[in-house]
Structures are given as C-alpha cells and as structure tokens.
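For the single chain, residues carry numbers from 1 onward in sequence order.
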Amino acid sequence: QVQLAESGGGLVQAGDSLRLSCKASGRAFRNYTKAWFRQNSGQERQFVASIGWHGGTNYIDSVKGRFTISVDNAKNTVYLQMNSLKVEDTARYYCAAQAGASPQRSSSYGYWGQGTQVTVSS
C-alpha cells in the first residue's frame, strides 16, 4: 500500500550536516504519522524523530536542537535535517509510517524503507 525509499546518507565528519529524504508512494501518505529510526548491527532499532499529520513533532532527547523532521506534502517526502553530527549518530537510518499515533514505538509502524547509512567520523 505504501512504499518508502530513503536517500541522502553518507560519510561525514563530526560537526557536519546531512539531510535525509524519504520519498513515499500514494496520496494517503499525507495523513500518516511519519518517523525516522536508526539502527546499528546487532542492536535494537532506536526512535529518532516523528511528525504527525498536523505537524506535531517528537524527538529523542539526544538529537533535540540538532535534528529537524519535516514533510513536503506536495512531493510526498519526509526529511530529516541533521546538524552538528556526532560520532554516536552513526547508524543506518530508516523511514517509517503508520496510521496510528504511538510515534516512538517501532512496533507501531507498518511501513518501512530500506534504510540509508550515516557514518560520522572524528
């Protein structure tokens, strides 16, 4: 029903910025809660940020003030602007979507992208 495709990851130095994009299929995407999660091999998938259909946002404490999630409805695309990147931000980042309203639980999301790797070096 919904397909998500992330892009924009890469290798950067600490303090640099990246903007991740998640292109979605279908017009109904506008009414979903959208989120970004991240995961390293062998570890649990971690919530990063979410945005509701009316624009309300949630962030994990460690990225507040540095990351911004936004949506361009005309382009069916959700973004994650990441500034002042730290080594600990290194992970594969995944875009997710759901029709519900439990934004920080990975189990609440039924639609996922393939992920894009972000690596931050010191």
Participant: Hey, are the side chains of Val71 and Tyr79 touching, using non-hydrogen atoms and a 4.5 Å cut-off?
Facilitator: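 A side-chain contact under 4.5 Å is absent here.
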Participant: For side chain to side chain contact (heavy atoms under 4.5 Å, CB included), just list the numbers for Asn83 and Phe67, CA-CA rounded to whole Å, side-chain angles, deciding distance to a tenth of an Å, and then say yes or no.
Facilitator: CA-CA 6 Å; Asn83 297 328; Phe67 291 10; over 6 Å; no
Participant: Quick one: pull up OG in Ser70 and CD in Gln81 and give me the separation to the nearest 0.5 Å.
Facilitator: 8.0 Å
Participant: State, with a plain yes or no, whether a side-chain heavy atom of Trp112 is found less than 4.5 Å away from one of Ser106.
Facilitator: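 Sidechains of Ser106 and Trp112: in contact.
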Participant: Mind checking whether Thr68 and Leu80 have side chains closer than 4.5 Å, heavy atoms only?
Facilitator: no
Participant: Would you confirm whether Lys23, through its side chain, and Lys75, through its main-chain N or O, come within 3.5 Å as a donor-acceptor pair?
Facilitator: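 Yes: the side chain of Lys23 pairs with the backbone of Lys75.
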Participant: Apply the test side chain to side chain contact (heavy atoms under 4.5 Å, CB included) to residues Thr33 and Tyr109: give CA-CA distance (whole Å), side-chain angles for both, the deciding distance (0.1 Å), then the verdict.
Facilitator: CA-CA 9 Å; Thr33 297; Tyr109 291 84; 3.8 Å; yes
Participant: Rounded to the nearest 0.5 Å, how far apart are CG of Asn58 and CD1 of Ile60?
Facilitator: 11.5 Å
Participant: Above 12 or not: heavy atoms from other molecules or residues under 6.0 Å from CD of Glu88?
Facilitator: yes
Participant: Taking all atoms of both residues into account, what is the closest heavy-atom pair of Cys95 and Val78, and its distance?
Facilitator: SG-CG1, 3.5 Å
Participant: Starting from the C-alpha separation in whole Å, work towards a yes-or-no answer on side chain to side chain contact (heavy atoms under 4.5 Å, CB included) for Val48 and Tyr93.
Facilitator: CA-CA 9 Å; Val48 178; Tyr93 283 71; 4.3 Å; yes
Participant: Find out whether Lys34 and Thr77 are in side-chain contact, i.e. whether some heavy atom of one side chain is under 4.5 Å from a heavy atom of the other.
Facilitator: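 Contact flag for Lys34/Thr77 side chains = no.
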Participant: Do you know which two heavy atoms are closest between Leu4 and Cys22, and how far apart they sit?
Facilitator: CB-SG, 3.8 Å
Participant: Examine distances only and state if a side-chain atom of Asp16 and a backbone atom of Leu85 form a donor-acceptor pair shorter than 3.5 Å.
Facilitator: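 No: the side chain of Asp16 does not pair with the backbone of Leu85.
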Participant: What distance do Ile69 atom CD1 and Thr57 atom OG1 have between them, rounded to the nearest 0.5 Å?
Facilitator: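 Result: 8.0 Å between the selected atoms.
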Participant: State which residues pass ring-ring contact (aromatic ring centres under 6.0 Å, His included) with Tyr59; sequence neighbours excluded, sorted by chain then number.
Facilitator: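 None.
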Participant: Taking atom types as modelled and ignoring hydrogens, do the side chains of Arg92 and Gln39 form a donor-acceptor contact shorter than 3.5 angstrom?
Facilitator: no
Participant: Do you know the tightest heavy-atom contact between Phe29 and Ala97?
Facilitator: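 Answer, listing the atom of Phe29 first, then Ala97: CE1-CB, 3.8 Å.
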Participant: Does a side-chain heavy-atom distance below 4.5 Å link Arg38 with Tyr94?
Facilitator: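 No, every pair of side-chain atoms sits at 4.5 Å or beyond.
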Participant: What's the shortest heavy-atom distance between Ser84 and Ser17, and which atoms?
Facilitator: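 Heavy atoms of Ser84 and Ser17 come nearest at N-OG, 4.2 Å.
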Participant: Between Ser25 and Gln3, is there a donor-acceptor pair closer than 3.5 Å when you use the side chain of the first and the backbone of the second?
Facilitator: yes
Participant: Classify the ring geometry between Phe47 and Phe37 as parallel (under 30°), tilted (30 to 60°) or perpendicular (over 60°).
Facilitator: perpendicular
Participant: Please identify each residue that fulfils salt bridge (charged side-chain N to carboxylate O under 4.0 Å, His left out) with Arg66, with sequence neighbours left out.
Facilitator: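 So Arg66 forms a salt bridge (charged side-chain N to carboxylate O under 4.0 Å, His left out) with Asp89.
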Participant: Donor-acceptor pairs are to be reported for all side-chain atoms of residues 115-122 against protein atoms at under 3.5 Å, with residues two or more places apart or in another chain.
Facilitator:
unit_1, atom_1, unit_2, atom_2, d
Thr116, OG1, Gly9, N, 3.1
Gln117, NE2, Ala91, O, 3.4
Gln117, NE2, Thr119, OG1, 3.3
Ser121, OG, Val12, O, 3.4

Participant: Checking Gln114 side chain against Glu6 main chain: does a donor-acceptor pair fall under 3.5 Å?
Facilitator: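 Yes; judged by distance alone, with no hydrogens or angles, the pair exists.
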Participant: Looking only at heavy atoms, what is the nearest atom pair of Tyr32 and Ala99, with distance?
Facilitator: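 Reported closest heavy-atom pair: CD2-N, 3.5 Å.
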